[in-house]
Amino acid sequence: DGGITQSPKYLFRKEGQNVTLSCEQNLNHDAMYWYRQDPGQGLRLIYYSQIVNDFQKGDIAEGYSVSREKKESFPLTVTSAQKNPTAFYLCASSTLAGGPGEQFFGPGTRLTVL
Amino acid sequence: ELKVEQNPLFLSMQEGKNYTIYCNYSTTSDRLYWYRQDPGKSLESLFVLLSNGAVKQEGRLMASLDTKARLSTLHITAAVHDLSATYFCAVGYGGSQGNLIFGKGTKLSVKP
C-alpha cells in the first residue's frame, strides 16, 4: 500500500529536550511538508522540501529543524528553542512533475510538553 | 501576502438541510483544495479545483471555484450525521513549489 507514515502517534517531551518526529512516504513524491495544527486552527507550514538535500523554511520555522537525506524521509526535530511545542504535527507529500499536485497527509503525531 | 478566509467557522445543521461553506482568498491562485478532518485524525482530500468554473461533486458535497471572484464554495445537500467534521479549504501559492495556505476550517455538526 502506498502512503505516508508518521511515528510516533503520541510523543511526550520534557522541558529542554529535543525530540524527532518521523515521516516516511512510499509514493515517490518529490515534495514533502511539515505542518503544525493548534486546537481550532488551520495548518501552518513549518518546513518544506522539494528535493533531496534541500529544504526551505515555512511560516513558523523557528525552533524546528529538518533534514532530507532520502527522497522517502523528512524527519522533523522540535528543539528546546521552540517555546510552545504542544500541537498536532502533520507531514504531507506531493508530486511536482507537471505542476504541483495535491498534498496527501500522514496520520499525524500529537506532541505534548510535560 | 496570501490570506484565506472561511466562513462560517462553526455550523450546526439539521439532517436533511442544505448549506454552503465559503472560502475567500486574497491573491491570484490557480489551485484550490478542500479537505475533511475528523476529530483527532489527519486530513482527507475531498476536491481538487484547478480552473475557473471548476465544479466537482461527490455524494452530498459539491465544490466550485470562481478564480475571478477568488471564491470557492462547498455546498452540502441534504446533510446527514456522517458529514459532521471540520472542513478546510487550502489555496496554492508559490508557483511550482506546491505550497498551500489553509483556512481556519469550518466545524460542521449535523444533528438529527
Side-chain angles (χ1 to χ4, degrees), chain A residues 2-7 9-10 21 23 25 27 29-51 54-61 74 87-112, chain B residues 1-11 21 23-26 29-51 54 56 58 63 65 72 85-109:
Chain A
I4 303 172
T5 57
Q6 290 185 242
S7 63
K9 186 173 181 180
Y10 298 98
L21 284 60
C23 177
Q25 55 99 0
L27 300 168
H29 283 172
D30 306 295
M32 297 186 74
Y33 310 83
W34 273 106
Y35 293 93
R36 169 180 172 142
Q37 185 179 31
D38 292 285
Q41 299 295 315
L43 277 65
R44 292 182 292 167
L45 183 64
I46 304 173
Y47 269 98
Y48 63 99
S49 168
Q50 297 176 278
I51 195 170
D54 190 37
F55 47 83
Q56 283 76 42
K57 294 181 179 180
D59 301 318
I60 56 165
F74 192 40
F88 189 43
Y89 291 85
L90 287 159
C91 177
S93 69
S94 71
T95 61
L96 293 178
E102 68 181 295
Q103 292 185 18
F104 294 92
F105 285 82
T109 292
R110 194 165 299 277
L111 173 63
T112 302
Chain B
E1 180 188 349
L2 175 59
K3 293 185 179 179
V4 179
E5 290 188 358
Q6 280 183 244
N7 67 83
L9 297 182
F10 298 94
L11 178 54
I21 299 170
C23 175
N24 291 89
Y25 53 100
S26 59
S29 174
D30 57 358
R31 296 175 287 123
L32 192 138
Y33 306 86
W34 284 96
Y35 290 89
R36 168 181 171 145
Q37 186 178 37
D38 291 300
K41 303 292 186 182
S42 185
L43 272 68
E44 172 192 353
S45 178
L46 292 175
F47 300 109
V48 179
L49 303 169
L50 299 177
S51 61
K56 293 199 174 177
E58 181 72 34
L65 178 62
S72 179
T86 299
Y87 294 86
F88 291 95
C89 67
V91 179
Y93 74 99
S96 62
Q97 292 175 342
N99 292 359
L100 300 178
I101 293 286
F102 283 78
K104 291 190 174 183
T106 297
K107 186 172 183 179
L108 172 65
S109 175

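Ring centers of B:Tyr35 and A:Phe105: under 6.0 Å apart, within the cut-off.
For A:Gln37, the part lying under 4.5 angstrom from a heavy atom of chain B is the side chain only. Interface remark: B:Lys41 contributes backbone atoms only to the contact with chain A (heavy atom separation under 4.5 Å). Neither the backbone nor the side chain of A:Arg44 comes within less than 4.5 Å of any heavy atom in chain B. Interface remark: B:Leu100 contributes backbone and side-chain atoms alike to the contact with chain A (heavy atom separation under 4.5 Å). Contact annotation for A:Leu45: only side-chain heavy atoms (C-beta onward) come within less than 4.5 Å of a heavy atom of chain B. Contacts of A:Asp59 with chain B are made by side-chain atoms alone, with heavy-atom separations under 4.5 Å and no backbone atom involved.
For B:Leu50, the CG atom sits in a packed shell: over 12 heavy atoms of surrounding residues, nucleotides or ligands are nearer than 6.0 Å. Within a 6.0 Å sphere centred on CD of A:Gln41, other residues, nucleotides and ligands contribute more than 12 heavy atoms.
A:Tyr89 and A:Trp34 have perpendicular rings, their planes meeting at more than 60° on a 0 to 90° scale where under 30° would count as parallel.
For the pair A:Arg110 and A:Tyr10, the cation-pi test (distance below 6.0 Å, angle within 45°) is failed.
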